[in-house]
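Following: one structure in structure tokens, then a few remarks.
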Amino acid sequence: NEIYLAALGGRVPEFPMEYGALEARATAAMSESLFSYVAGGAGDEATQRRNVESFEQWGLIPRMLVGAETPDLAVEAWGHTFASPIFMAPVGVIGLCDRDNHGDIAVARAAAQTGVPAMFSTLMEDPLEDVVAHAGDTPSFFQLYTPKNRELAESFVKRAEAAGYRGITVTLDTWVPGWRPRDLTTGNFPQLRGHVLKNYTSDPVFREMVGSDDPQMTVLHWVQTFGNSLTWTDLEWLRSLTTLPIVLKGISHPEDARRAIDAGVDGIYCSNHGGRQANGGIAALETLPAVVEACDDRVPVLFDSGVRSGSDVVKALGLGATMVGIGRPYVYGLAMGGVPGLVHVLRMLLAEAELLMGVNGYPDVAAVRENIRRL
Ligand code: FNR
């Protein structure tokens, strides 16, 4: 309605209305190496392309005479009511995607403005306490890249708990970055230049580990402790760190989902990291139905990787996701137009999803599930 009314007054929207144009605007707004870092994926990026293309293998069948003018898209999970089923996936380098290098705080502001929750990466440009303070009443999750040093891991989780995060997302697929030719070619590793490390340098355990303010020592210690390739036996320890909900990110196999729930986790996050970690895989969307089945309604199932439009959001919900994560599109929104650009992208996705459900005669997600078909 806003757009139609503006058009009546002869005004053209400031921001693009679809992903292709959005990506083009972001390319122009970012340095070449930063854009490559965000856009790139593992290997020849076949998995990344497949993530996006897989949505075209599913189709929605419209139902008529239903009267679904205002579809219900609210979600209940972990004791919260979320007004919308989308969330902002954790994006480590997002601090740099804002003109003033405070991208995480910009994300938190957008979360406060829209009610769309965000997960904030361990690789935040600002300390985790400063970031969550800007998210208002919208629940935030802290995403843990589990360091090798267990005391440091514990310190991050305790800080997140004390700062008011409502859950911990533990990312399992990235204890080391994948083979990403674009970054290997440009040599662009922001962490190694000291970016996104303030969340570490503001940590008492990390400061004690480094023992000096020397930037090179800081980076060296960061590299040494960054990623712990966790095993099943570590889950008990993770569980003992917090009473907050724990969500495991990077689950693709139904057996892994089942075993994780048996071990006491509170959410399964089906994702292949947007194809950034491993090439040669199947699309994340192709893994979703079996993961959902394995979870058997015991815990919420989150999903991301390849979502580019409102219809993609609806399809992922139709295949059983409780909530759908947005990755690159919102990063581009931020790079293109700061908080207003990011808010625009979220509202565009939600408006398309809601309108699609309305015109397709789906009053709720259950109706999508009954009317989605593999093509
Ligand atoms: C990511 N992702 C990510 N995931 C995570 O758990 N911790 C992190 O720090 C990051 N960092 C990160 C940086 C950048 C630049 C991107 C694009 C992605 C992965 C992210 O959470 C999500 O899984 C993917 O972005 C989803 O895929 P699409 O939608 O971007 O294709």
Side-chain angles (χ1 to χ4, degrees), residues 19 22-23 26 30 33-42 45-55 86-98 103-104 107 117-125 128 131 141-147 156 167-178 180 182-183 188-191 195-197 199-200 222 226-227 230 247-252 267 269-278 281 283-285 287-288 302-309 312-313 316 321 323-335 345-346 349:
Y19 182 75
L22 172 66
E23 192 178 42
M30 298 162 98
S33 61
L34 184 60
F35 179 78
S36 291
Y37 185 86
V38 175
E45 301 178 352
T47 302
Q48 185 172 321
R49 283 191 296 279
R50 194 168 171 133
N51 280 342
V52 174
E53 287 162 8
S54 63
F55 284 87
I86 64 170
F87 65 95
M88 291 179 265
V91 167
V93 77
I94 204 159
L96 301 180
C97 297
D98 172 64
D104 303 282
V107 170
M119 293 187 175
F120 294 95
S121 168
T122 308
L123 301 177
M124 275 180 249
E125 184 69 13
L128 62 87
V131 171
F141 271 53
F142 174 68
Q143 178 262 318
L144 179 70
Y145 274 141
T146 315
F156 280 146
I168 307 289
T169 301
V170 181
T171 298
L172 301 176
D173 59 16
T174 310
W175 45 274
V176 67
R180 298 181 197 156
R182 294 205 216 193
D183 294 337
N188 182 38
F189 308 107
Q191 308 89 315
H195 285 295
V196 297
L197 293 186
N199 193 37
Y200 286 76
W222 176 79
F226 169 70
L230 299 170
V247 174
L248 295 186
K249 179 170 187 274
I251 299 282
S252 298
Y269 190 155
C270 178
S271 161
N272 63 19
H273 213 106
R276 293 168 72 77
Q277 280 302 94
L285 194 73
T287 67
L288 179 63
L302 308 186
F303 170 82
D304 76 24
S305 296
V307 176
R308 298 291 177 265
S309 67
D312 293 347
V313 170
M323 291 182 87
V324 179
I326 310 300
R328 292 178 182 89
Y330 88 87
V331 184
Y332 293 151
L334 174 65
V345 169
L346 299 175
L349 290 165

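Here the structure is a predicted model, which means the values were calculated and not measured. Counting starts at 1 for both ligands and their atoms, following the listed order.
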Requested in this report: Could you list which atoms of ligand 1 come closer than 4.0 Å to a heavy atom of Gly92?
Outcome: 8 (C), 9 (O), 10 (C), 11 (N), 12 (C), 13 (C)
Report summary line: Between the OH atom in Tyr200 and the CE atom in Met124, the distance rounded to the nearest 0.5 Å is 10.0 Å
Requested in this report: Mark up the atoms of ligand 1 that fall under 4.0 Å of a heavy atom belonging to Thr171, in ascending order.
Outcome: 5 (C), 6 (O)
Query raised in the report: What part of Ser271 sits under 4.0 Å from ligand 1 if we count only heavy atoms: the side chain, the backbone, both or neither?
Result: side chain
Query raised in the report: Are the ring centres of Phe87 and Tyr269 closer than 6.0 Å?
Result: yes
**Report entry** Non-hydrogen atoms of Phe226 and Thr174 that approach each other most closely
**Finding:** CE2-O, 3.4 Å
Query - Single hit among Asn51, Thr47, Asp173 for side chain to side chain donor-acceptor pair (under 3.5 Å) with His273 - result: Asp173
**Report entry** Part of Gln48 within contact of ligand 1 (heavy atoms, under 4.0 Å)
**Finding:** neither
Requested in this report: Could you grab the distance from atom CZ of Phe156 to atom CG of Asn199, nearest 0.5 Å is fine?
Outcome: 5.0 Å
Report summary line: Filtering Gln277, His273, Arg276, Arg308 for the heavy atom nearest atom 31 (O) of ligand 1 leaves Arg308
Query raised in the report: If you measure from atom 28 (P) of ligand 1 to every heavy atom of Arg328, Met119, Met88, which option wins on shortest distance?
Result: Arg328
Query raised in the report: Among protein heavy atoms, which lies nearest atom 23 (O) of ligand 1, and at what distance?
Result: Asp304 OD2, 2.7 Å
**Report entry** ligand 1-proximal atoms of Gln143, by part, heavy-atom distance under 4.0 Å
**Finding:** side chain
Requested in this report: Check each heavy atom of Val91 against ligand 1 and say whether those closer than 4.0 Å belong to the side chain, the backbone, both or neither.
Outcome: both
Query raised in the report: Heavy-atom distance to atom 1 (C) of ligand 1: which of Gly327, Pro90, Ala89, Gly274 wins?
Result: Pro90
Report task. Starting from atom 9 (O) of ligand 1, find the nearest protein heavy-atom neighbour and note its residue, name and distance. Result -> Ser121 OG, 2.8 Å
Query raised in the report: Sequence neighbours excluded, which residues qualify as side-chain hydrogen bond (donor to acceptor under 3.5 Å, both in side chains) partners of Tyr332?
Result: none
Query raised in the report: Going by the order shown, which atoms of ligand 1 are within less than 4.0 Å of some heavy atom of Val93?
Result: 15 (C)
Query raised in the report: Side chains of Phe55 and Val307: closer than 4.5 Å at any heavy-atom pair?
Result: yes
Query - Smallest separation among heavy atoms of Ser305 and Ala284, with atom names - result: CB-CB, 3.6 Å
Query raised in the report: How does Lys249 reach ligand 1, by side chain, by backbone, by both or by neither, if only non-hydrogen atoms under 4.0 Å count?
Result: side chain
